[in-house]
Asker: 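I am attaching a structure below and will ask some questions about it afterwards.
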Amino acid sequence: MDGRDWKKFLLPYEQAVEELKVKFKTLRGELKSREEYAPIEFVTGRVKKISSVLEKAKRLSVPMDQLESGIEDIAGIRIMCQFVEDTESLAELIRSRQDMSVVYEKDYITNKKPSGYRSFHIIIEYPVQTALGMKKILAEVQIRTLAMNFWATIEHSLNYKYKEQLPVEVRARLSKAAEAAYQLDQEMSSIRGEIVASQRMFEDNSNLINRVLSNIQELYFYHRVREAAQFQLRFNEIWETEEGLSDLSADIEAAISRAKKGDNN
Ligand SMILES: Nc1nc2c(ncn2[C@@H]2O[C@H](COP(=O)(O)OP(=O)(O)OP(=O)(O)O)[C@@H](O)[C@H]2O)c(=O)[nH]1
Ligand SMILES: Nc1ncnc2c1ncn2[C@@H]1O[C@H](COP(=O)(O)OP(=O)(O)OP(=O)(O)O)[C@@H](O)[C@H]1O
């Protein structure tokens with residue numbers, strides 16, 4: 001394949017990565033606004049470089065005319081989660097989607113790789129609508145916690161630097177670090193309930209702050225300048241207290257409703 005052929009070959013993979021990134025980011029936003037908690041922290045994606053496709057094809061003895069079926073991660077998506085439990089919920093969400101189908105799964109969370117690597121991989125088949133019609137391609141979705149990602153990112157860059165010839169003592173320390181990352185995930189899971197509850201409270205509070213501030217602006221709109229200024233002063237004093245905020249919010253909403261009716265009391 002020459003440069004132009006590669007460009008054409010990679011086009012549907014590029015399209016798939018872009019679409020899948022948007023879909024999973026949108027899913028995060030939607031779940032956040034519906035349930036105030038999403039099992040997705042952030043999403044990345046990449047199309048494998050030509051050199052990396054060629055190296056992998058050579059390593060796995062995949063003939064050049066079978067790259068599409070022989071290399072499953074030319075299109076790759078990675079989804080980071082806060083907690084191990086989230087990786088399971090997310091896998092379930094992916095299994096239930098109608099715009100992609102699961103080909104198979106690799107559970108490196110339960111069964112870590114000898115290097116210490118942990119992640120849940122799902123190979124999916126994803127239909128891309130191209131100018132020439134629909135084309136189904138394979139893509140790899142890696143699901144991992146932030147701690148797993150931290151470890152894998154550093155291990156990957158060390159392996160890259162040492163060209164897979166990591167000194168024995170570095171390998172041993174990486175293995176210990178993988179165990180520490182695993183312990184961190186376990187520990188975080190055990191206090192997950194508490195963390196989720198406090199995140200929800202924090203979000204409730206920031207939503208309330210936004211509402212109060214925009215309601216104060218609305219009072220200005222109704223020319224209730226003095227009242228709005230008084231509410232602003234009260235806000236400055238109590239914005240950090242949840243109870244004070246709720247009371248203030250109720251008072252401002254009553255003032256808006258009076259203003260709408262043209263009532264001056
Ligand atoms: N950092 C890191 N990433 C890994 C490791 N093992 C697998 N991965 C990631 O997971 C992907 C798929 O790995 P595997 O499930 O082992 O699949 P594979 O394509 O048969 O295996 P490879 O020959 O490792 O590419 C790799 O392309 C990496 O992105 C590891 O030990 N360290
Ligand atoms: N599914 C994925 N989603 C997002 N990024 C990925 C994914 N898989 C790999 N990457 C990242 O893409 C970059 C290039 O990796 P590349 O595909 O060349 O190698 P690899 O995945 O580590 O190994 P292999 O060639 O064995 O599949 C790395 O930073 C890697 O972490």
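Order of appearance sets the numbers: ligands from 1, and atoms from 1 within every ligand. Treat the numbers as computed from the prediction; the structure is a model and nothing was measured.
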Asker: For atom 9 (C) of ligand 1, what's the nearest protein heavy atom and its distance?
Answerer: Tyr117 OH, 3.5 Å

Asker: Under the side-chain hydrogen bond (donor to acceptor under 3.5 Å, both in side chains) rule, what do Glu72 and Tyr104 come out as? Steps first, then yes or no, please.
Answerer: CA-CA 11 Å; Glu72 298 157 338; Tyr104 72 100; 2.6 Å; yes

Asker: Give a yes/no on ligand 2: does Gln142 have at least one heavy atom closer than 4.0 angstrom to it?
Answerer: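 Gln142: in contact with ligand 2 (<4.0 Å).
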
Asker: Would Tyr108 count as a polar contact of ligand 1, with the cut-off being nitrogen or oxygen pairs under 3.5 Å?
Answerer: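 Min N/O separation from ligand 1 is below 3.5 Å for Tyr108.
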
Asker: Return the residue, atom name and 0.1 Å-rounded distance of the protein heavy atom closest to atom 20 (O) of ligand 1.
Answerer: Lys106 NZ, 4.0 Å

Asker: Please confirm whether Ile77 comes within less than 3.5 Å of ligand 2 when only nitrogen or oxygen atoms on both sides are compared.
Answerer: yes

Asker: How does Lys48 reach ligand 2, by side chain, by backbone, by both or by neither, if only non-hydrogen atoms under 4.0 Å count?
Answerer: side chain

Asker: Within the 3.5 Å criterion, strictly below it, is a donor on Arg144 or Tyr117 matched to an acceptor on the partner's side chain?
Answerer: yes

Asker: Among Gln230, Arg226, Arg224, Arg258, exactly one meets side-chain contact (heavy atoms from CB on, under 4.5 Å) together with Leu219. Which residue is that?
Answerer: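 Of the listed options, the one satisfying the test is Arg224.
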
Asker: Report yes or no: is the cationic atom of Arg28 (NZ for Lys, CZ for Arg) under 6.0 Å from the centre of the six-membered ring of Phe42, at an angle within 45° of the ring normal?
Answerer: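 No cation-pi geometry.
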
Asker: Side chain, backbone, both or neither: which part of Asn159 has a heavy atom under 4.0 Å from ligand 1?
Answerer: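 Near ligand 1, Asn159 shows nothing, with every heavy atom at 4.0 Å or more.
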
Asker: When you measure from atom 11 (C) of ligand 1 to each heavy atom in Met148, His156, Lys56, Gln142, which option holds the nearest one?
Answerer: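 Shortest heavy-atom distance from atom 11 (C) of ligand 1: Gln142.
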
Asker: For atom 27 (O) of ligand 1, find the nearest protein heavy atom and state the residue, atom name and distance (0.1 Å precision).
Answerer: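 Checked against all protein heavy atoms, atom 27 (O) of ligand 1 sits closest to Asp73 OD2, 3.4 Å.
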
Asker: Considering only heavy atoms of Glu140, which atoms of ligand 2 have at least one such atom less than 4.0 Å away?
Answerer: 1 (N), 8 (N)

Asker: Can you find a non-hydrogen atom of Glu72 under 4.0 Å from ligand 1?
Answerer: no

Asker: Using a 4.0 Å cut-off to any heavy atom of Ala152, which atoms of ligand 1 qualify?
Answerer: 1 (N)

Asker: If you take the nearest heavy atom of each of Ala57, Gly76, Ala75, which one is closest to atom 2 (C) of ligand 2?
Answerer: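 Of the listed residues, Gly76 has the closest heavy atom.
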
Asker: Less than 3.5 Å between some nitrogen or oxygen of Arg144 and one of ligand 1, yes or no?
Answerer: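 No; every N/O pair is 3.5 Å or more apart.
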
Asker: Given the rule in the side chain to side chain contact (heavy atoms under 4.5 Å, CB included) test, do Ser246 and Glu243 qualify, once you have shown the distances and angles that lead to the verdict?
Answerer: CA-CA 5 Å; Ser246 307; Glu243 224 171 88; 5.8 Å; no

Asker: How are the rings of Phe9 and Tyr13 set to each other: parallel, tilted or perpendicular (split at 30° and 60°)?
Answerer: tilted

Asker: Relative to atom 1 (N) of ligand 1, which among Arg78, His121, Glu155 owns the nearest non-hydrogen atom?
Answerer: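 Heavy atom nearest to atom 1 (N) of ligand 1 belongs to Glu155.
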
Asker: Determine, step by step, whether Glu140 and Gln142 satisfy the side-chain hydrogen bond (donor to acceptor under 3.5 Å, both in side chains) criterion, reporting the C-alpha distance in whole Å, the side-chain angles of both residues, the deciding distance to 0.1 Å, and the verdict.
Answerer: CA-CA 6 Å; Glu140 176 194 66; Gln142 297 180 347; 2.9 Å; yes

Asker: May I ask you to identify the nearest protein heavy atom to atom 14 (C) of ligand 2, giving residue, atom name and distance to one decimal place in Å?
Answerer: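 Protein heavy atom at minimum distance: Arg46 NE, 4.0 Å.
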
Asker: If we count only N and O atoms by modelled type, under 3.5 Å, do the side chains of Asp107 and Thr110 hold a donor and an acceptor together?
Answerer: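 Their side chains do contain a donor-acceptor pair, which is all the 3.5 Å distance test asks for.
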
Asker: List every atom of ligand 2 that sits less than 4.0 Å from any heavy atom of Ser52, numbering the atoms from 1 in the order shown and giving each element.
Answerer: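 Answer, ordered by atom number: 16 (P), 17 (O), 18 (O), 25 (O).
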
Asker: Among Ile216, Asn215, Ile209, exactly one meets side-chain contact (heavy atoms from CB on, under 4.5 Å) together with Val212. Which residue is that?
Answerer: Ile216

Asker: Examine Glu140 against ligand 1 and note whether any of their N/O atoms are separated by less than 3.5 Å.
Answerer: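 Between Glu140 and ligand 1, no N or O pair is found under 3.5 Å apart.
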
Asker: Name the closest protein heavy atom to atom 28 (C) of ligand 2, giving the residue it belongs to and the distance to 0.1 Å.
Answerer: His156 CE1, 3.6 Å

Asker: Is the count of non-hydrogen atoms from other residues, nucleotides or ligands lying under 6.0 Å from Tyr220 atom OH greater than 12?
Answerer: yes

Asker: Go through it in stages, so that I can follow the logic: the residues are Arg59 and Glu55, the test is side chain to side chain contact (heavy atoms under 4.5 Å, CB included), and I'd like the CA-CA distance, side-chain angles, deciding distance and then a yes or no.
Answerer: CA-CA 6 Å; Arg59 180 157 48 86; Glu55 272 167 34; over 6 Å; no

Asker: Answer side chain, backbone, both or neither: which part of Arg59 comes under 4.0 Å from ligand 2, heavy atoms only.
Answerer: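 Only the side chain of Arg59 comes within reach of ligand 2.
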
Asker: Out of Lys135, Arg97, Glu19, which residue meets the side-chain hydrogen bond (donor to acceptor under 3.5 Å, both in side chains) rule with Tyr126?
Answerer: Glu19

Asker: Just to confirm my output: which protein heavy-atom neighbour is closest to atom 23 (O) of ligand 1, and how far is it?
Answerer: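 Among all protein heavy atoms, the one nearest atom 23 (O) of ligand 1 is Arg59 NH1, 2.4 Å.
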
Asker: Under a 4.0 angstrom heavy-atom cut-off, which atoms of ligand 1 come close to Ser115?
Answerer: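 With Ser115 as reference, the close atoms of ligand 1 come out as 30 (C), 31 (O).
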
Asker: So, taking the atom named CZ in Phe83 and the one named CD in Glu41, what distance separates them when rounded to the nearest 0.5 Å?
Answerer: 9.0 Å

Asker: Heavy-atom distance to atom 7 (C) of ligand 1: which of Lys112, Arg46, Lys113, Lys48 wins?
Answerer: Lys113

Asker: Find the distance between CD1 (Ile122) and OG1 (Thr87) and round it off to the nearest 0.5 Å.
Answerer: 9.5 Å

Asker: What's the shortest distance from atom 10 (N) of ligand 2 to any protein heavy atom, and which residue and atom give it?
Answerer: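 Closest protein heavy atom to atom 10 (N) of ligand 2: Arg78 NH2, 3.1 Å.
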
